[in-house]
Amino acid sequence: MGATPADDGGARRVQPARFPLDDKRVYDAYVAGRQSAAMCVAVRAGLFDWLASEGAGASLEAVAARTGWSERGTRSMVSALCAMGLIVRGDDGLRVSADAAAYLTRGTPGSLWGLVDMEVDHFLSPRALMDALEKDDSSVYGEADPWEAHDEDPKRARAFTAAMHSVSERPAAGVAEFVDLGDVKSLLDVGGGSGALSIALCGANPALRATIFDIAAVEPLAREYIEDAGLSDRIGVEVGDMFGPPLPRGYDAVLYSQILHDWGFERGAELLARAFAALPPGGQVLLHEKLVEDDADAPLANALVHLDMLVWTEGQQYRLLELAELLTAAGFEGVERVRTAGYWSLVRARRPR
Ligand SMILES: C[S@@+](CC[C@H](N)C(=O)[O-])C[C@H]1O[C@@H](n2cnc3c(N)ncnc32)[C@H](O)[C@@H]1O
């Protein structure tokens, strides 16, 4: 016989929960990957570019027609992107937000478009992270070495260099603004990629000349960026292997921007020894990185880049203490950190006179 309401007490009291009710820190971390996925897919679909131009004020139907997404998918994506503050929904239709217009549109100086677009093909999924943790070497292109893969496949080299340019263009402007290079007349930009750093530094220092030193696949790409910046007369490009023959001499400064973090500590030490050997007495080595603080695993954005390095490279993010130790061991002195733009720092030191 079934229980009657009277049998179970009728209005049985619900026991209060015996666990903390606020799971936001964990839930937000769990759900954060969806934000990244939605943003990357919208970038790849060209949604922000379109809403920033002829698509401004579009309806949901127009977005669906433009992207080829289903009606349900479009509603979901637009709602998510509005919640993220990347699209604004108004009486006059959908518009791109100021943040998305500045940082997610193609060709906008300082935009992260290239970086976010590349993520569609190389999303750091839990599975990719598990594989990388097991392999403990670059796994982004399977077994292939990433730099050899770029030399063999110009499309990969182009996509990677565009991504790096979009990561580096804005912080490069920060270095140009906050780092006094008054006594540097010539700069060797090792692994210089698109030349983002040299372009900003030569732009801000009219007497400065620079050479991008990179692998063969990157040479024509660097020349394109330099030509677009109108600096071909002051920035050259040289093909070479930073671990091959000694680095070229005759420069007042050697720059490694996002290079040390591609390699383990031993190879980092080797790169610094190579810079030391190439520099004249008084010459400077410049390290441009997103540092993790010495006394905390912070900021979060920089600590998370450890994971990108795990998947893409043999390296990791650095702390100032670690860089200072490597620089001193290589013979440099006067280690100085300059906080530049956003999460970025420039660490510099000199070869003794
Ligand atoms: C992480 S990217 C940094 C690009 C640039 N410095 C920046 O901050 O935007 C690394 C660069 O190092 C270059 N590279 C990798 N191995 C190299 C090698 N053995 N010799 C010279 N360049 C190399 C890559 O082609 C790529 O352009």
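Counting starts at 1 for both ligands and their atoms, following the listed order. Predicted model, so just to flag it, every value in this text is computed and none were measured. Side-chain atoms are counted along with the backbone in the values below, which use heavy atoms only and exclude waters and symmetry mates.
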Less than 4.0 Å between a side-chain N and a carboxylate O, is that true for D92 and R95?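 Looking at D92 together with R95, the answer is yes, because their closest N to O distance falls below 4.0 Å.
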Does E270 come within less than 4.0 Å of R274, counting only side-chain N to carboxylate O?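 Here E270 pairs with R274 in a salt bridge, since their nearest N and O are under 4.0 Å apart.
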Establish, yes or no, whether a centroid distance under 6.0 Å links the rings of Y256 and H288.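 Aromatic pair excluded; centres sit 6.0 Å or further apart.
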Nearest protein heavy atom with distance in Å, relative to atom 15 (C) of ligand 1: W147 CD2, 3.4 Å
Proximity of [X] to ligand 1 by residue part, where a heavy atom lies under 4.0 Å:
X: V218; answer: side chain
X: I259; answer: side chain
X: A196; answer: neither
X: V167; answer: neither

Among G244, G191, S166, which one puts a heavy atom closest to atom 5 (C) of ligand 1?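 Checking each option, the heavy atom nearest atom 5 (C) of ligand 1 is found in G191.
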Heavy atoms only: which of H261, M242, Q258, M164 lies closest to atom 23 (C) of ligand 1?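 The residue whose heavy atom sits nearest atom 23 (C) of ligand 1 is M242.
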Applying side chain to side chain donor-acceptor pair (under 3.5 Å), which residue pairs with at least one partner in residues 206-217 are found, sequence neighbours left out? T211-Y251
Might you work through the ring pair (Phe, Tyr, Trp, His ring centres under 6.0 Å) test for W147 and F160, ending with a clear yes or no? CA-CA 10 Å; W147 316 118; F160 180 81; 5.5 Å; yes
Which atoms of ligand 1 have any heavy atom of S168 under 4.0 Å away?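 This gives 7 (C), 8 (O), 9 (O) as the contact atoms.
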